[in-house]
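A short worksheet on the structure shown next.
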Amino acid sequence: MADEVGLGKTIEAGLILKEYMIRGLVRKVLILVPASLVLQWVRELNQKFGITATAQKKEYMWTQVDIVIASMDTAKRDPHKSIVLSQEYDMLIIDEAHKLKNNKTSNYIFVNQIRKKYCLLLTATPVQNDLGELYNLITMLKPGQLGGQGQFQTDYVVDKRVPKNEELLQAELSKVMIRNRRSDGGIAYTRRHVRSIPLSLSPEEQALYEGVTSFVRGRYREAGAEGGSTNSMLSLVTLQREVCSSRDAVFLTLVNLSKKTPEDSPHRAQIWELVSLIKQITANTKAEKTIELILSLDKNEKVIVFTEYRATQEYLMKYFKDHGLVAVSYRGGMNRGKKDWMMDLFRNRAQIMIATEAGGEGINLQFCHNMINFDLPWNPMRVEQRIGRVHRLGQQSDVFIYNLCTLGTIEEHIVSLLHEKINMFELVIGDLDTILEHMEEQTTLESKLQKIILESQNDDEIREHLHSIGTDFHDIRSSIQPPPGSPINRSIPIMPPTNPNVEVHP
């Protein structure tokens, strides 16, 4: 099942599973999904189909429960692996199946060893870089469907992204693959309105930012002179990012850093100088703007606020409470029951949900259409995952996304890169992950950005490097866009078109 993103593959999988169960063909089922989606799958199957599916928690469940939902990482880890491989399943369902594209990975080998009568793979991107990936997925699903690997190359491949004998390849694929697109269903998606909100830090906040920046660059230059590992220093950039978020976030990091610093080190004194600057800050510019945005909405309109940092989340919870607003938190570390409870409170009572990155994937918030990115991740995929929580099938209203941006900081540069240079808010996930995979062959985009921030001498140098990244992004996008009318573009499109439902306001 290779439908485009957001068309409800989970629901389609539930329909297929229910049909097979009613026919008496399936009883024992294993469903492997990303860890963050386990609970969502359990909820969907139980509530929408009356299928008694259970999230795997205890070892006995593998053998004593008929329909088990688990993460791939759990299932392939001992002692679970041997138990799973000893079972015989009537049906195996795998979500995000494109992660099995490489037949030499431990995931692929593990799944191939599972004994199953029927197998259902779900992915929005059956081909990302190479027709060989498609071959691997189809061979896992139905060995021999496309012949041996040598035969497949001879019969169907001109080069890794260009097929031959297209009609014959399409005919073979149609026997085992279904792909629905948004355009096929005539579904009208609501518009996405993206607004960047520049903010000037208070003099006290700016002084702290400049102090932290001086400290970070000094430590980085010192590490280079001593031949130290630059990788260990890259985490110092986090200090600058935290200042852009809240004094609470950077305070905790500085305290932890001081504990690791020898008492006679001059760096210890520098750290406590920064702590003294923190004590002079009495307000949070971003929090004040966030309150202003929320109060400008109708009091019945829900808002999700995303932050990168747990300390900022706790600060905002208290800040909103002090201003008479009802908010709930959502973060990693909460057990499944508490996350469900927070979701119910947000849906039925609270106006605001403050989420860390744990809220960025796997939850459905179509009842909310306002999002504030208090802090923006540096990874465009994580930004799109956040937006996908509200801008998805079932959303009845236009979606409004506000990106807070502190001027004169690294945050200003990153928002400029994401918002203007690569226009990521106009893209969709199938587009983004393909481009990023090409860009990140040797190092991740986040690591590249960290090095640029640390090694640049001034803002102009940073801008120059980020402009180069933006150019690379567009060059890669152009080079991997399949030609119009090609069989891949028709039957198994690699890259969806630019999102037509996005309105961006700088």
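Just the heavy atoms: all of them, side chains too, but no hydrogens, waters or symmetry mates, feed the values below.
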- Task: Begin from the C-alpha positions of E455 and Y220 and carry the test side chain to side chain contact (heavy atoms under 4.5 Å, CB included) through to its verdict.
- Result: CA-CA 8 Å; E455 295 177 357; Y220 184 71; 2.7 Å; yes
- Query: Ion pair present between E292 and K289, side-chain N to carboxylate O less than 4.0 angstrom?
  - Reply: yes
- Message: Checking the side chain of Q40 only, and the main-chain atoms of L37 only, is there a donor and an acceptor separated by less than 3.5 Å?
- Response: no
- Is there a side-chain contact between I352 and V328 (heavy atoms, below 4.5 Å)? no
- Message: Does anything in residues 269-284 form a side chain to side chain donor-acceptor pair (under 3.5 Å)? List the pairs, not counting sequence neighbours.
- Response: H267-Q270
- L239/L274 under side chain to side chain contact (heavy atoms under 4.5 Å, CB included): CA gap, chis, key distance, verdict: CA-CA 11 Å; L239 280 169; L274 294 173; over 6 Å; no
- Query: Do S245 and D375 have side-chain atoms, one donor and one acceptor, less than 3.5 Å apart?
  - Reply: yes
- Task: Look at the side chain of T213 and the backbone N and O of Y209, then say whether any donor-acceptor pair between them is shorter than 3.5 Å.
- Result: yes
- Side-chain donor/acceptor of Q56 to backbone N/O of K58, under 3.5 Å: yes
- Message: Could you work out, with salt bridge (charged side-chain N to carboxylate O under 4.0 Å, His left out) as the rule, every residue matching D460, not counting sequence neighbours?
- Response: R463
- Name all pairs fulfilling the salt bridge (Lys or Arg N to Asp or Glu O under 4.0 Å) condition that reach into residues 314-329, sequence neighbours left out, sorted by first residue then second. R310-E314, K318-D322
- Query: Can T54 and I67 be said to form a side chain to side chain contact (heavy atoms under 4.5 Å, CB included), step by step?
  - Reply: CA-CA 6 Å; T54 305; I67 302 175; over 6 Å; no
- Among all residues two or more places apart in sequence or in another chain, which pass the ring-ring contact (aromatic ring centres under 6.0 Å, His included) test with F49? none
- For N102, the side chain to side chain contact (heavy atoms under 4.5 Å, CB included) test, sequence neighbours excluded, returns K104, T105
- Query: Does any non-hydrogen side-chain atom of L30 lie less than 4.5 Å from one of L32?
  - Reply: yes
- Task: Inspect the contact between K9 and D95 and indicate whether a charged nitrogen and a carboxylate oxygen are less than 4.0 angstrom apart.
- Result: no
- Task: Answer whether the closest heavy-atom distance between the side chains of I94 and L120 falls below 4.5 Å.
- Result: no
- Query: Would you say the side chain of V33 lies within less than 4.5 Å of the side chain of T10, judging by non-hydrogen atoms?
  - Reply: no
- Message: Under a 4.0 Å threshold between the charged nitrogen and the carboxylate oxygen, would R241 count as salt-bridged to E411?
- Response: no
- Are E96 and K101 close enough for a salt bridge, meaning some N to O gap below 4.0 Å? no
- Listed by chain and number, what are the salt bridge (charged side-chain N to carboxylate O under 4.0 Å, His left out) partners of E263, not counting sequence neighbours? none
- Message: Do V390 and N370 have side chains that approach each other closer than 4.5 Å (heavy atoms only, starting at C-beta)?
- Response: no
- Message: Donor-acceptor check, side chain of R191 to backbone of D398, threshold 3.5 angstrom: yes or no?
- Response: no
- Applying salt bridge (charged side-chain N to carboxylate O under 4.0 Å, His left out) to K48 and not counting sequence neighbours gives E44
- Is it the case that more than 12 heavy atoms not belonging to E301 sit under 6.0 Å from its CD atom? yes
- Message: Please check this pair: side chain of S265 against backbone of T261, looking for a donor-acceptor N/O pair closer than 3.5 Å.
- Response: no
- Query: Taking only residues two or more places apart in sequence or in another chain, which ones pass side chain to side chain donor-acceptor pair (under 3.5 Å) with T409?
  - Reply: T406
- Query: Going by the angle between their ring planes, with limits at 30° and 60°, are Y402 and F400 parallel, tilted or perpendicular?
  - Reply: parallel
- Residue pairs passing the side chain to side chain donor-acceptor pair (under 3.5 Å) test where at least one lies in residues 247-257, sequence neighbours excluded: E242-T253
- Item | Trace of the side chain to side chain contact (heavy atoms under 4.5 Å, CB included) decision for N46 with I51 | CA-CA 5 Å; N46 277 272; I51 295 174; over 6 Å; no
- Under 3.5 Å, is there a donor-acceptor pair between the E205 and S202 side chains? yes
- For Q313 and S329, test the side chains for any donor-to-acceptor distance below 3.5 angstrom and give the result as yes or no. no
- Message: Tell me every residue that passes side chain to side chain donor-acceptor pair (under 3.5 Å) with S246, counting only those two or more places apart in sequence or in another chain.
- Response: T312
- Okay, side chain of E59, backbone of P79: is any donor-acceptor separation there less than 3.5 Å? no
- Going by heavy atoms in the side chains, are L404 and I372 under 4.5 Å from each other? yes
- Distance-only donor-acceptor check, side chains K76 and N107, under 3.5 Å: yes
- Message: Going by ring-ring contact (aromatic ring centres under 6.0 Å, His included), name the residues that satisfy it together with Y309, two or more places apart in sequence or in a different chain.
- Response: none
- Task: Please name all residues satisfying ring-ring contact (aromatic ring centres under 6.0 Å, His included) with H369, sequence neighbours left out, ordered by chain then number.
- Result: none
- Item | Carboxylate-amine/guanidinium proximity below 4.0 Å for R349 and D344 | no
